[in-house]
Amino acid sequence: MVRDAIHRALVDAVRGLGVDGELPDLELGRAKVPAHGDYASSAGMKLARVLRRRPDEIAGELSSKIVAPDGAFTAEAAGGYVNFRLTDDWLRRLVADVHPGYGARDLGHGERLQVEFGSINPTGPLHIGHGRGVTLGDSIARLLVFTGHSVHREYYVNSDNTQTRRFGASVYARLHDMEPPEGGYLGDYVKEVAEMARRDLPGIDREPEEVAEPRLRRYAMEKVIEQIRASVARLGVRYDEWFWEDSIWQSGLGKQAIDRLRESGHLRERDGALWFGEPDDEGEEEQRVVIRANGQPTYFASDLGYLLSRFEQRTFNRVIEVWAADHHGYVPRMKAAAAALGLDPEKLVIIIHQLVNLKEGAPRSGQKVKMSKRAGRFVTLDELIDRVGSDAVRYFYLLRSPDTTIEFDLELAVTQGNENPVYYAQYAHARLANVESAARERHANLPASADVSLLTQPWELDVARQLAFWPDVVEDSTRLLEPHRIPYYVHDLATSVHRFYHAGNAQSEHRVVVDDVTLTRARLELCRAARHTLKTALDLMGVSAPERM
RNA sequence: GCCCCGCUAGCUCAGUGGAUAGAGCAUCUGUCUUCUAAACAGAGGGUCGGGGGUUCGAAUCCCUCGCGGGGCACCA
């Protein structure tokens, strides 16, 4: 990609000044003002101390030494900065080179990765908070596939814990027309599951509780998982595997993990329970229960076996987990557990996203309400998709950095459905597709190849310029695992496309489809390149790229 | 009390230590007989939460205070 080529040329020039050893960060980045070109480096200032010379002198000398491969760019000093400008010729050639899937790069060399995301307790439907983790994890997975990683998408089904037992007990209660027990689940969907069970499990309502409850629990979880699978499918999300927690105990991995920790001195008994902690750590603060006094393993125990399943049994090189912020405190414990098991904690990458809070009442004046699945107080993901559509939902979530809390106002989201920025990008794509078909109708025999040297208008070259930046966005999003950079790029590219199109509205000789078939063909090449790139970027977000709107 | 995230335009948010801090929405003004107006052109709007510090240079890094969110279980 061109940014790498610029960086290499800059480093070569710096070496040419006689700078040896490790270089400071030369701060090569996008120039902010068009007058400064396309990329800029503050190399003059960065090297002033090392060379004990004036920044502007250094920058001047660097710019004269820089050799651009294929005449791709020019370098110019401005104060202590070195500014780089992509040449028009190079931009035109880029247009001809853009192919479907442009921007894909082999950054991963086939690295075996697991991306585990959206793993919500199977005790109720997904709500709008869960939608965030699902779309974030899915787009991270898409990015990693796009950049040469071997990705396994997994949903971890927490099947074997206090919450699911409470859920089972709540279903049992509803089956017998009783209120759920203390700490149980209150949503109406619990009644629905109970009615389905009455139909699907004949005689279940006559079984004693100790027999009925485990059966109901399993049945209810499977029903919920079916529903979750259907909900995420509406967002274009599919999993390679639904991994059930109880399989860890059936396979013996849980016991294996515990045995290993016992041998390495990480486990000790206290108050009848089995605790995890560092061998030299006698303090009580850092210790966590693995096996309860009643003999039941905790979720933490399952996670120990789950680590072995992923890193040793299934040999993933790295595991990326997407968690909501309310689990943040669990990160150090998981890292410590991985280390204690002899695994590399660095290979366990945990991405935390902040929560989605619900506002109720009139738009803009609503009160904040914390969603609660147990209390039955939430807006479901399905309802959101029903109201605004899958594309707008995905765009809405992906637009935000994982670090910001979302204050969600359903009424406002519905109102804004029609002005969601996703349509801006999709419209650009549809326009390009439309103009391309209009050109084919008007000109029966267009030249097979394009003479891109005819692309001379500034608005045409600006589209090409945006295309040049796309591989940077792909790399940065992948390296930082931050897909929210993509919609911002898509917006910029769509802007340049709309401007390009409008030049033809203002003056008809600037339309794509003109009398001159050669010129038409050249502009079509630009349309094609921009359309492919928009499509690729939208795909990574899981957003559709319509041919017409 | 301790830990994590946030505080940037009226609102929602971008912004790898660099030059004049950006976008969308909202407000106001223009542009459709035309390849799609779900668009384009333009205007107004900022003590980057407060205060210190590091640096040639800070919205960005460090310290501190304030406000908001989350977490500190034999829940997950």
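Throughout, protein chains are lettered first and strands after them, A, B, ... in sequence-line order, and every chain is numbered starting at 1.
- A distance cut-off of 5.5 Å between ring centres, combined with a plane angle under 30°, leaves A:Tyr81 outside any stacking arrangement with the base of B:G18.
- Among the protein residues, A:Thr404 comes within range of the sugar-phosphate backbone only, with heavy atoms under 4.0 Å from sugar or phosphate atoms but none that close to a base.
- B:C62 sits 12 Å from B:U55 when the C1' atoms are compared, rounded to a whole Å.
- The aromatic rings of A:His484 and A:Tyr488 lie perpendicular to each other, with more than 60° between the two planes, well past the 30° mark.
- For the pair A:Gly329 and A:Ala35, both in contact range of RNA chain B, the more 5′-proximal nearest nucleotide belongs to A:Ala35.
- With centres under 5.5 Å and a plane angle under 30° as the test, the ring of A:Tyr501 is not stacked against the base of B:C40.
- The base of B:U12 is not paired with the side chain of A:Arg400 by any donor and acceptor separated by under 3.5 Å.
- Rounded to whole Å, the P atom of B:G53 lies 14 Å from the corresponding atom of B:U60.
- Heavy atoms of A:Ala503 sit nowhere under 4.0 angstrom from any nucleic acid atom.
- Of the listed nucleotides (B:A76, B:C74, B:U34), B:A76 has the atom at the smallest distance from the side chain of A:Asn158.
- At the phosphate of B:A38, neither OP1 nor OP2 sits under 4.0 Å from any side-chain N or O atom of A:Arg431.
- Taking the six-membered ring wherever Trp is involved, the centroid distance between the rings of A:Phe117 and A:Tyr156 does not fall below 6.0 Å.
- You'll find that the side chain of A:Tyr427 is closest to B:A38, out of B:A38, B:C56, B:C40.
- The phosphate of B:C75 (OP1 or OP2) has a side-chain N or O of A:Arg292 nearer than 4.0 angstrom.
- For A:Asp326, the listed nucleotide lying nearest its side chain is B:G70; candidates were B:C74, B:G70, B:A76.
- Contact annotation: A:Arg49 side-chain N/O to B:C56 OP1/OP2 distance is under 4.0 Å.
- For B:A76, its base sits under 3.5 Å from the side chain of A:His327 at one donor and acceptor pair at least.
- In the set B:C74, B:G18, B:C35, B:C35 carries the atom at the smallest distance from any side-chain atom of A:Asn505.
- No side-chain donor-acceptor contact under 3.5 Å links A:Arg217 and A:Ser159.
- For B:U8 and B:A59, the C1' atoms lie 7 Å apart once the distance is rounded to whole Å.
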Next on the checklist: Show, in sequence, the C-alpha distance, side-chain angles and deciding distance for A:Gln457 and A:Trp459, and conclude whether the side chain to side chain donor-acceptor pair (under 3.5 Å) test is met.
Outcome noted: CA-CA 5 Å; A:Gln457 302 296 340; A:Trp459 49 84; 5.1 Å; no
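- Across all strands shown, B:C11 forms a Watson-Crick or G-U wobble pair, both distances under 3.5 Å, with B:G24.
- Put simply, A:Arg499 has a side-chain N or O that comes within less than 4.0 Å of OP1 or OP2 on B:A41.
- Pair assignment for B:A39 gives B:U31, based on Watson-Crick or G-U wobble hydrogen-bonding distances that are each under 3.5 Å.
- Straight-line distance from the CZ atom of A:Arg132 to the C1' atom of B:C5: 10 Å, rounded to whole Å.
- If you take atom C1' in B:A19 and the same atom in B:C13, they sit 25 Å apart, rounded to whole Å.
- Aromatic pair A:His7/A:Tyr39: centroids not less than 6.0 angstrom apart.
- A side-chain donor from one of A:Tyr424 and A:Thr495 sits under 3.5 Å from a side-chain acceptor of the other.
- Using a 4.0 Å heavy-atom criterion, one finds that A:Arg485 contacts the sugar-phosphate atoms exclusively.
- Under the 6.0 Å cut-off for aromatic ring centres, A:Tyr330 and A:Tyr299 qualify, their centroids lying closer than that.
- Separation of the A:Tyr306 and A:Phe243 ring centroids falls under the 6.0 Å cut-off.
- B:A19 makes up no base pair with any nucleotide shown, lacking Watson-Crick or G-U wobble contacts both under 3.5 Å.
- Base orientation for B:C13: anti, the chi torsion being more than 90° from 0.
- Note on A:His484: a side-chain N or O is less than 4.0 Å away from OP1 or OP2 of B:G15.
- Minimum atom distance to the side chain of A:Ala78 is reached by B:A19, of the listed B:A73, B:G15, B:A19.
- Closest to the A:His498 side chain, of the nucleotides B:A59, B:C40, B:C75, is B:C40.
- Heavy atoms of A:Leu480 sit nowhere under 4.0 angstrom from any nucleic acid atom.
- Side-chain to base pairing of A:Tyr423 with B:A38: no donor and acceptor N or O lie closer than 3.5 Å to each other.
- Of the listed nucleotides (B:G17, B:C35, B:G69), B:G69 has the atom at the smallest distance from the side chain of A:Gln354.
- The listed nucleotides are B:G6, B:G18, B:G24; the one nearest the side chain of A:Met45 is B:G18.
- Scanning atom types as modelled, no donor and acceptor separated by under 3.5 angstrom connect the side chain of A:Thr405 and the base of B:G69.
- A gap of 28 Å separates the P atoms of B:C56 and B:G15, to the nearest Å.
- Between B:G18 and B:A58, the two P atoms lie 11 Å apart (nearest whole Å).
- For A:Asn83 against B:A19, a side-chain-to-base donor-acceptor contact under 3.5 Å is present.
- The same atom, P, is picked in B:G45 and in B:C72; the two are 47 Å apart, to the nearest Å.
- Set against B:G17, B:A59, B:C40, the side chain of A:Lys32 has B:A59 as its closest nucleotide.
- Judged by Watson-Crick or G-U wobble contacts below 3.5 Å, the nucleotide B:U47 has no partner.
- Across all strands shown, B:G6 forms a Watson-Crick or G-U wobble pair, both distances under 3.5 Å, with B:C67.
- For the pair A:Ser302 and A:Trp249, the tightest heavy-atom approach, listed with the atom from each and the gap, is OG-NE1, 3.1 Å.
- Of the nucleotides present, B:C72 is the one that pairs with B:G1 by Watson-Crick or G-U wobble criteria, both distances under 3.5 Å.
- Residue A:Tyr330 places no side-chain N or O under 4.0 Å from the OP1 or OP2 atom of B:C3.
- With both ends at atom C1', the span from B:C48 to B:A9 equals 10 Å, rounded to whole Å.
- Contact annotation for A:Asp271: base contact, defined as any heavy-atom pair under 4.0 Å involving a base atom.
- For A:Ala293, taking side-chain heavy atoms from C-beta onward, the closest of the listed nucleotides B:C40, B:U20, B:C74 is B:C74.
- Each of A:Glu547 and A:Gly272 was assigned the nucleotide of RNA chain B with the nearest heavy atom; the assignment lying further toward the 5' end belongs to A:Glu547.
- Under 4.0 angstrom from either OP1 or OP2 of B:A76 there lies no side-chain N or O belonging to A:Arg166.
- Nucleic acid contact for A:Ser401: sugar-phosphate only, since backbone atoms but no base atoms lie under 4.0 Å from a heavy atom of the residue.
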